[in-house]
Number of protein chains: 2
Amino acid sequence: MENALRSERSRNAVIQAALTIIGRDGPGRLTLDAIARESGLSKGGLTHQFRTKGAVLQALLEYQIEYFAKFSRDYLQEIDPAQPEPRLVSQIATLREIAVTRQQHSVAFAILGALTDAPDLLSIIIERDTEAIEQIKAEAADPDLALLRWAAARGLALTTLFRICPLSREDRERLFDLLLDDQYWQHRADPPKPGV
Amino acid sequence: MENALRSERSRNAVIQAALTIIGRDGPGRLTLDAIARESGLSKGGLTHQFRTKGAVLQALLEYQIEYFAKFSRDYLQEIDPAQPEPRLVSQIATLREIAVTRQQHSVAFAILGALTDAPDLLSIIIERDTEAIEQIKAEAADPDLALLRWAAARGLALTTLFRICPLSREDRERLFDLLLDDQYWQHRADPPKPGV
DNA sequence: ATATAAAAACAGACTGGACGGTTTGTTTTT
DNA sequence: AAAAACAAACCGTCCAGTCTGTTTTTATAT
């Protein structure tokens, strides 16, 4: 087998193994030895592909981010062209997906836990979001209202992710539906200020 | 000195020491030995007061929660009586305080990090919030809109806490101001539905 | 009050194990 | 022949929790 392919296979195996362990045993049991065992690789092979545990976590995070970035892109693609704020809506829809997808919870924990030694692991998230925010602002009739809708979706997603959401499942779903509903916000948007 | 007082002093010393360490060295350096050293207690004394590290974390979390609960109570006390949704507003104000207070960030990390082994440490947060949510719903003309305001504040607070907020400081402050501003939401609330 | 036994608070050395990372050697690809 | 990929034993450190004592407080009996 080609080396490049071999490496890629191994790296994928590692990421899948990490996800399996986190889901099955919790993020506390995500050790290099466990990953090696679960992936079928030896520890040597593992550390050949990822020099440190932080590197594994980073790959894991990038994998997750790409997964949801793709979700967002696809959603944007198939959105009603008449939709006035497509970027905002696709971001909110993605956040709903994050909040709903069951396995994500412990992955979030795992990464948060690792943040202790790798504080700027999350900077990639900021980069992505900053971009998204720019676009949301640009397309919005009332940018602040759009940001607030985004923030609310984030709040629902993060509280759910960390299992500290005091709202019922129905409440959350209804709120997400509202956040996605243009009609609901249309007449709530600030009318453009008359020129002074 | 009385035993009860002796214990209380020691426990307080431990919590303060923990906060000092987290703020100065980061949550990764929060070990039992470090806490003992910083607090002036011996390891034996420390483990006499807190049987496990989880117990320390729990006390730390309770301390923080009580701190902000008091902030919220005080805010509620001094609020304009004409304020239509005082509970919501005081909750939002508290969340703004959390987002702004500098030291909180790493404390949040420390506790999240420990969540690995003590998954239901956070249930106390849910309990408090559930209560708050009930009151917010009860006093609101448009409960869903109130929940969304709350969720947005949470989103801003949590993203800031975990340093993944893509918004500028000014943006955040302006958004918090908006969330607190009744005028802004008044005409946005759903008019009470006409009886069928 | 005073002596004394018990309990609580505290001191600090020690242990056991987990875990990240290294090292040395082998197989496979280039 | 060289480099990449992999195997697996090994090491050093860190750290939560324990264990054995010592000091201080409290309860009880005289």
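Order of the sequence lines sets the chain letters (A, B, ...), proteins ahead of strands, with each chain counted from 1. None of these values were measured; they are calculated from a predicted model.
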With respect to the phosphate group of [N], does any side-chain polar atom (N or O) of [X] fall under 4.0 Å of OP1 or OP2?
X       : N      : value
B:Ser10 : C:dC10 : yes
B:Ser42 : C:dG12 : no
B:His48 : C:dA9  : yes

Spacing between [X] atom [atom1] and [N] atom [atom2], to the nearest angstrom:
X       : N      : atom1 : atom2 : answer
A:Glu8  : D:dA5  : CD    : C1'   : 15 Å
A:Phe50 : D:dA5  : CZ    : C1'   : 14 Å
B:Glu2  : C:dA7  : CD    : P     : 19 Å
A:Arg37 : D:dA8  : CZ    : P     : 13 Å
B:Arg11 : C:dC10 : CZ    : P     : 11 Å
A:Arg9  : C:dT29 : CZ    : P     : 12 Å
A:Gln49 : D:dC6  : CD    : C1'   : 9 Å

- Item | Test: A:Asp171 and B:Lys137 ion pair at under 4.0 Å | yes
- Is it true that B:Arg169 and B:Glu173 have a side-chain N and a carboxylate O under 4.0 angstrom from each other? yes
For [X] versus [Y], what's the shortest heavy-atom pair and its separation?
X        : Y        : value
A:Leu61  : A:Leu122 : CD2-CD2, 4.1 Å
A:Phe176 : A:Ala157 : CZ-N, 4.4 Å
A:Phe50  : A:Ala59  : CE2-CB, 3.7 Å

- As a check of understanding: the bend across the helix from C:dA1-D:dT30 to C:dT30-D:dA1, end axes from five pairs, rounded to 10 degrees, works out to 10°
- Query: D:dA8, C:dC10, C:dT28: which one has an atom nearest the side-chain heavy atoms of A:Arg6?
  - Reply: C:dT28
Under 3.5 Å, which donor-acceptor pairs link side chains of residues 76-88 of chain B to any protein atom two or more places apart or in another chain?
from, atom 1, to, atom 2, distance (Å)
B:Asp80, OD1, B:Ala82, N, 2.9
B:Gln83, NE2, B:Asp182, OD1, 3.1
B:Gln83, NE2, B:Asp182, OD2, 2.2

- Task: Give A:Leu41 one of three labels, base, sugar-phosphate or nothing, depending on what nucleic acid heavy atoms sit under 4.0 Å from its own.
- Result: sugar-phosphate
Show every donor-acceptor pair shorter than 3.5 Å between a side-chain atom in residues 4-16 of chain B and any protein atom, with sequence neighbours excluded, or say none if there are none.
from, atom 1, to, atom 2, distance (Å)
B:Ser7, OG, B:Gln49, NE2, 3.1
B:Ser10, OG, B:Arg6, O, 3.2
B:Arg11, NH1, B:Gln49, O, 3.0
B:Gln16, NE2, B:Tyr63, OH, 3.4

Between the protein and nucleotides 19-22 of chain C, list every N/O to N/O distance that falls short of 3.5 Å.
from, atom 1, to, atom 2, distance (Å)
C:dG20, OP1, A:Lys53, NZ, 2.9
C:dG20, OP2, A:Leu32, N, 2.9
C:dG20, N7, A:Lys43, NZ, 3.3
C:dG21, OP2, A:Lys53, N, 2.9
C:dG21, N7, A:Lys43, NZ, 2.9
C:dG21, O6, A:Lys43, NZ, 2.5

Throw together a table of side-chain donor-acceptor distances under 3.5 angstrom for residues 129-136 of chain B, partners on residues two or more places apart or in other chains.
from, atom 1, to, atom 2, distance (Å)
B:Asp129, OD2, B:Arg154, NH1, 2.5
B:Thr130, OG1, B:Ile126, O, 2.6

Give the table of side-chain donor-acceptor pairs shorter than 3.5 Å for residues 30-47 of chain B, with sequence neighbours excluded, one pair per line with atom names and distance.
from, atom 1, to, atom 2, distance (Å)
B:Thr31, OG1, B:Ala34, N, 3.1
B:Asp33, OD2, B:Lys43, NZ, 3.3
B:Glu38, OE1, B:Arg24, NH1, 3.3
B:Glu38, OE1, B:Arg24, NH2, 3.1
B:Ser39, OG, B:Ile35, O, 2.9
B:Ser39, OG, B:Ala36, O, 3.1
B:Ser39, OG, B:Leu41, N, 3.2
B:Ser42, OG, B:Gly44, N, 3.4
B:Ser42, OG, B:Gly45, N, 3.1
B:Thr47, OG1, B:Lys43, O, 3.1
B:Thr47, OG1, B:Gly44, O, 3.2

